[in-house]
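For clarity, every value in this text was computed on a predicted model and none was experimentally measured. So that the names make sense, note that chain A is the first sequence line, chain B the second, and so on, each numbered from 1.
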Amino acid sequence: MPTTTIAGREIDVDAEGFLTKPEQWDEELAQTLATNIGIELTEAHWVPIHFLRKDFETQKETATLRRVSTVGGIPVKELFALFPGKPAKKMSYIAGLQKPKGCV
Amino acid sequence: MSDTPIVPSFDDDVASGRKLAIICSKGNLDMAYPGLILANAALGEGIETHLFFTFWGFDMINKETMGHLKFTFVGNTSMHMPGSSMGIHHMLGALPGATAASTKMMKKMISDLDVPEVPEFLELLHGSGCHMWACRMSADMMKLEQEDLYEGVEGIISATDFIELTDGAQLLFI
């Protein structure tokens, strides 16, 4: 697996660029990850990102968009507005997690 | 280690204007899901997605029926429950109560995977920006109006309208 330099730090990523070691993530890194994909983080962005991190601790896998909506309580429509185009992938990237594996 | 950071390219498909159209023509529980799941996946990838409901596919969007689709062994060549290789004699599938029982089992399997039932799935797709259309001829045949259908359905349109709408789209018939 390659490593790449993000925010002056050596970070382990997969071929696409998703972090492979969630423990290398912190909120400062998230700012840079967001900038990398053209998103400026606001309060509203942090809600799903924090949910993803918290959910990952117990589930050991990245929550799908539906899970963020049903368990995290953030409407899908809002997630599409915050992370246009590919919300599930963009959120998990910024949260320093792998993209979700579940179909729904 | 590389000098330029490795960053996923998320906007390629969006920029390419990829479009997907799925024709949903079946009203069986097991045949409702492929279209819904693929639409959900496509929307999550930023692909403009259109669902066109026709004939028995209307059962998926008819408020009266959308929550009560059934799975049956009758006329089904895969005479077993998913995940079980144990065959079921086709005569058993026709017994009273067999369809209700197999429907109940399949609904449980789907819900165990944390996949929503049809009405909630439509909500999910609607929230994700899915375009949903109902077939004019089917509506006329079944004597249904827009108000009989799930609210996310944008309109009852003709086959020609659908063809125009989906210009350049990849197409799936289910």
Side-chain angles (χ1 to χ4, degrees), chain A residues 1-20 29 32-39 55 59 61 63-71 74-81 83-94 96-104, chain B residues 1-20 22 29-30 32-49 51 82 107 109-132 151-152:
Chain A
M1 282 291 165
T3 63
T4 188
T5 311
I6 303 171
R9 281 188 258 167
E10 201 63 13
I11 303 289
D12 291 73
V13 294
D14 64 13
E16 274 183 277
F18 286 86
L19 269 67
T20 52
L29 190 78
T32 311
L33 293 172
T35 311
N36 282 350
I37 58 168
I39 288 176
D55 190 66
Q59 303 298 312
E61 62 177 79
T64 60
L65 205 59
R66 174 162 184 267
R67 189 171 167 83
V68 178
S69 142
T70 54
V71 183
I74 308 156
V76 169
K77 207 170 179 171
E78 190 182 324
L79 296 171
F80 269 90
F83 306 94
K86 304 183 184 184
K89 282 185 179 172
K90 287 181 175 177
M91 277 192 299
S92 37
Y93 175 70
I94 298 171
L97 302 170
Q98 290 285 292
K99 59 190 172 192
K101 291 189 174 65
C103 277
V104 180
Chain B
M1 135 143 224
S2 59
D3 293 337
T4 44
I6 305 169
V7 175
S9 52
F10 287 125
D11 296 316
D12 294 354
D13 293 329
V14 181
S16 75
R18 186 173 167 194
K19 231 165 133 175
L20 176 67
I22 303 175
L29 181 66
D30 50 326
Y33 276 92
L36 299 174
I37 288 171
L38 288 170
N40 184 56
L43 290 159
E45 286 296 288
I47 296 165
E48 181 185 324
T49 305
L51 289 180
K107 278 196 173 189
M109 294 170 100
I110 291 169
S111 126
D112 285 349
L113 293 173
D114 204 25
V115 171
E117 292 211 19
V118 173
E120 195 197 331
F121 214 137
L122 293 173
E123 284 289 310
L124 173 66
L125 297 179
H126 183 54
S128 305
C130 186
H131 298 282
M132 302 184 202
E151 289 84 1

Interface residue of largest heavy-atom contact number with chain A, from B:D114, B:L113, B:L38, under 4.5 Å: B:D114
Region of B:E123 that comes under 4.5 Å of a non-hydrogen atom in chain A: neither
A:T70 portion near chain B, given a 4.5 angstrom heavy-atom threshold: side chain
Chain B interface, residue from A:R67, A:K90, A:K77 that has the most non-hydrogen pairs under 4.5 Å: A:K90
Exam field: side chain A:S69 to backbone A:L65, donor-acceptor pair closer than 3.5 Å: no
Sub-4.5 Å side-chain heavy-atom contact between B:H131 and B:T49: no
Separation between CZ of B:F121 and CZ of A:R66, rounded to the nearest 0.5 Å: 8.0 Å
Between CD1 on residue A:I94 and CG on residue A:L33, distance to nearest 0.5 Å: 7.5 Å
